[in-house]
Amino acid sequence: MATILFIGGSQFVGYYAVQSALSGGHAVTLFNRGKTDPGAFPAAEHIIGDRLEDIERLRGRHFDAVIDTCGYIPRAVRKSAELLKDHAGQYLFISSVSVYADMADGNDETSPLSTLPDPATEDVSAHYGGLKVACETVVQELFPDKSVIVRPGLIVGPRDPTDRFDYWVERIAEGGEVLAPATPDRAVQAIDARDLGEWLIHLVETQASGVYNAVGPLKPLTMGDFLATCKSASASDATITWVDESWLLEHKVEPWSELPLWVPPDMIGLLQTKIDRAVAAGLTFRPLAETVQGSLAWMRANPDKVSRRRSAMKREREAELLREWHTIPG
């Protein structure tokens with residue numbers, strides 16, 4: 001049995017990692033602000049606090065492993081890593097594939113990383129990737145032989161707080177004519193939060209170290225196959241209309257945010273990340289249909305949470321674009 005400290009751990013990936021740790025018989029301590037699902041995990045120890053202001057509440061505590069799920073600025077990560085550097089056997093930091101400097105091609109863990117134009121910046125929205133690199137550097141500095149850097153791609157599945165993968169799951173389930181970007185052979189990658197959470201605990205149990213990309217599936221997936229899986233999993237009557245991406249860009253359609261999982265060709269490497277190292281370290285994947293069905297079931301059971309997060313293409317906008325697309329001669 002390991003003693004595991006989670007910094008965060010109550011929303012998405014962390015939630016499933018905590019669930020996996022408890023089911024595996026590990027002793028779990030959660031340090032977070034207590035704002036997300038505070039009633040979850042009564043079997044765990046809960047310490048309420050903000051990592052920037054209250055990290056001293058962990059002083060004198062010893063843990064076999066720390067799993068940091070919510071580090072975005074190096075100043076905050078340094079506070080926790082410095083406090084725990086002589087009191088933890090392993091520090092596992094959740095980073096992102098957004099750390100890579102060049103997204104035109106698929107990256108492995110040795111690919112060049114982003115840099116910050118100003119080392120003092122803490123503007124996460126503008127410099128998310130560069131700040132994650134700086135956070136990684138802090139962890140590797142303070143835990144040189146005991147750090148694990150996990151770089152997930154798009155994380156999906158039940159409890160997803162975003163409207164990226166789930167936009168397509170819900171839209172296909174609704175049926176009718178669906179606007180899809182670019183071509184059906186465009187690459188897609190995502191990882192189920194439950195698979196990622198379980199693997200994080202596996203990394204603790206095996207006392208792993210090093211850097212790992214973490215996304216899926218094991219075999220290459222295309223947008224066409226993904227949407228076909230969504231259609232089959234929801235028994236939908238949807239029909240797919242593939243719309244040229246240059247036309248979409250001309251019509252001010254925003255890649256990724258307005259039409260999720262679509263990136264321009266110069267960013268396609270974001271969805272072609274190499275995962276050989278993680279697979280060798282035990283990362284496994286459930287069937288895509290199971291992820292789609294789980295996401296759909298969660299959305300139907302939590303309509304209030306779904307309605308608050310909508311950020312992708314509105315149905316009226318989709319219908320308008322389809323009407324205009326169909327008027328093009330030939």
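Quick caveat, the model's predicted, so the values are computed rather than measured.
- No salt bridge links K219 with D225; every basic N to acidic carboxylate O contact stays at or beyond 4.0 Å.
- A continuous path of hydrophobic side-chain contacts links V13 to V215 [ILVMFWY only; heavy atoms under 4.5 Å].
- In the model, D64 has a side-chain atom that pairs as donor or acceptor with a side-chain atom of T3 under 3.5 Å.
- Looking at D276 and D108, their side chains never come closer than 4.5 Å, going by heavy atoms from C-beta outward.
- In this structure the side chain of I4 never reaches within 4.5 angstrom of the side chain of F63, judged on heavy atoms.
- Using a 3.5 Å distance cut-off with no hydrogens or angles, the side chains of Q11 and T36 do not pair a donor with an acceptor.
- Salt bridge status for D192 with R194: present, with a side-chain N to carboxylate O gap under 4.0 Å.
- Under the 4.5 Å side-chain heavy-atom criterion for grouping Ile, Leu, Val, Met, Phe, Trp and Tyr, Y15 is connected to L203 within one hydrophobic cluster.
- The pair E258-K252 fails the salt-bridge criterion, with no side-chain N (NZ, NE, NH1 or NH2) lying under 4.0 Å from an Asp/Glu carboxylate O.
- Each of L84, I47, L83 was checked for a side chain to side chain contact (heavy atoms under 4.5 Å, CB included) with R61, and the lone residue meeting it is I47.
- Side chains of R159 and Y16: a donor-acceptor N/O pair is absent below 3.5 angstrom, by distance only.
- Checking T121 against D123 by side-chain atom types alone, no donor-acceptor pair falls below 3.5 Å.
- Between F285 and I191, some side-chain heavy-atom pair lies under the 4.5 Å cut-off.
- Annotation for E174: atom CD counts as buried by contact number, over 12 foreign heavy atoms lying within 6.0 Å.
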